[in-house]
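Remarks on the structure that follows.
Because only heavy atoms are used, hydrogens play no part in the values below, and waters and symmetry mates are left out as well, while side chains stay in.
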Amino acid sequence: MGEDFLKDWVESDPQLNNILIDIENTDLSAEEQAETMFLRVSDLYNLPKMPEDINYDNELAVDDDYELNSVFMELGLLKILYQGEDIRTLVLLALYYVRNRINVNTDEVFKVINSNRLKDVGIGFKGSNSYVQTLIISRGSKSWTELGCIAFIKQA
C-alpha cells in the first residue's frame, strides 16, 4: 500500500501533524494510538465517526460518485483489504478517505471475500470507532442484527 499521499496530507496540515506527533509521543499501545487518532482527527475535521453520525440532510450528501460513509465503516473495509497492515495506518487512511470523499472500492473488498469461494454474502460491522470488527454474513446464516452488527452492506 503506497502511503506517499498520506505523508503529503500530514505534512500539509500543521494541526493534523501536531495531533499525530502528540499521539506518537505517548506510551499508548498501537491500538490505543489508533483509537486516539480516530477520535481526535475525526473531531478536527468534523467527520462522521459512526454510521449514526452521518448527516444525510447535508447538501454534500447529494453526489452520485460518492456514498456518504463513516470512518468506522471505511476502516472496516480497509481492514479486509489490507489485512496485517498497521492499524494506525489504516485509521489514517480511513480518515483521509472520508475527509476527501473517497469510498473504499467495495468490489475489491468482495473480491477478497469471494476468493474464499463465498457466494451471496454481505459484510456486517460491529464494535465502535477504531475497534470495528467485520463479519462475513452469507445467505442462510443469522441476520446481521442477530449477530450484533450495527451496519451492513450487501454485495451488488
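- Here the closest non-hydrogen pair linking Cys149 and Leu135 is SG-CD1, 3.7 Å.
- Side chain of Glu11 to backbone of Asp8: no donor-acceptor contact under 3.5 angstrom is found.
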Using distance only, find each side-chain donor-acceptor pair of residues 40-48 under 3.5 Å and give its atom names and separation, not counting sequence neighbours.
unit_1: Ser42; atom_1: OG; unit_2: Phe38; atom_2: O; d: 2.7
unit_1: Asp43; atom_1: OD1; unit_2: Lys49; atom_2: NZ; d: 2.5
unit_1: Tyr45; atom_1: OH; unit_2: Asp13; atom_2: OD2; d: 2.4

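- With values rounded to the nearest 0.5 angstrom, Asn17 atom CG is found 9.0 Å from Ser12 atom OG.
- Aromatic rings of Tyr96 and Phe5 (six-membered ring for Trp) have centroids within the 6.0 Å cut-off, being under it.
- Scanning all heavy atoms of the two residues, the minimum distance from Val10 to Leu20 falls at CG2-CD1, 3.5 Å.
- Counting heavy atoms of neighbouring residues, nucleotides and ligands inside a 6.0 Å radius, atom CD of Gln15 does not exceed 12 of them.
- For the pairing with Glu35, the side-chain hydrogen bond (donor to acceptor under 3.5 Å, both in side chains) check across Ser128, Ser130, Ser29 returns one residue only, Ser130.
- A donor-acceptor pair shorter than 3.5 Å cannot be found between the side chains of Glu67 and Asn103.
- Put simply, NZ on Lys111 and CG on Leu81 are 10.5 Å apart, with the number rounded to the nearest 0.5 Å.
- Met37 has its side chain out of reach of Glu32: every pair of non-hydrogen atoms, C-beta onward, lies at least 4.5 Å apart.
- Closest heavy-atom contact between Ala94 and Leu78: N-CD1, 3.5 Å.
- With respect to Leu77, the side chain to side chain contact (heavy atoms under 4.5 Å, CB included) criterion is satisfied by exactly one of Leu90, Val112, Val104: Val104.
- A distance-only check finds a donor-acceptor pair linking the side chain of Ser70 to the backbone of Met73 [under 3.5 Å].
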Task: Derivation of the side-chain contact (heavy atoms from CB on, under 4.5 Å) call for Thr36 and Ile19 - done: CA-CA 9 Å; Thr36 303; Ile19 288 172; over 6 Å; no
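- You'll find the side chain of Phe152 reaches within 4.5 Å of the side chain of Ile137, heavy atoms only.
- The backbone N or O of Ile80 sits less than 3.5 Å from a side-chain atom of Gln83, completing a donor-acceptor pair.
- Looking only at side-chain heavy atoms (C-beta outward), Val109 and Asn105 stay at 4.5 Å or farther from each other.
- Distance check: Ile153 CD1 to Ile123 CD1 gives 4.0 Å after rounding to the nearest 0.5 Å.
- Minimum heavy-atom separation, Gly76 to Phe125: CA-CE2, 4.1 Å.
- The two residues Tyr97 and Glu74 make their nearest non-hydrogen contact at CD2-OE1, 4.0 Å.
- Closest of all the heavy-atom pairs between Arg101 and Leu68 is NH1-CD2, 4.0 Å.
- Between the side chain of Asn129 and the backbone N or O of Tyr131, no donor-acceptor pair lies under 3.5 Å.
- Looking at Met50 and Ile150, their side chains come closer than 4.5 Å, going by heavy atoms from C-beta outward.
- Of the inter-residue distances, the one linking Leu39 atom CG with Ile23 atom CD1 reads 9.0 Å to the nearest 0.5 angstrom.
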Open item on the list: Does Val132 form a side-chain contact (heavy atoms from CB on, under 4.5 Å) with Lys79? I'd like the steps, not just the answer.
Closed with: CA-CA 9 Å; Val132 59; Lys79 282 182 171 184; 3.8 Å; yes
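- Note that CG of Leu93 is 9.0 Å distant from CH2 of Trp9, once rounded to the nearest 0.5 Å.
- A single hydrophobic cluster is not seen to contain both Val91 and Leu28; linkage of ILVMFWY side chains at heavy-atom distances under 4.5 Å, directly or through other members, places them apart.
- Residue Arg88 holds its CZ atom at 5.0 Å from CD of Gln33, rounded to the nearest 0.5 Å.
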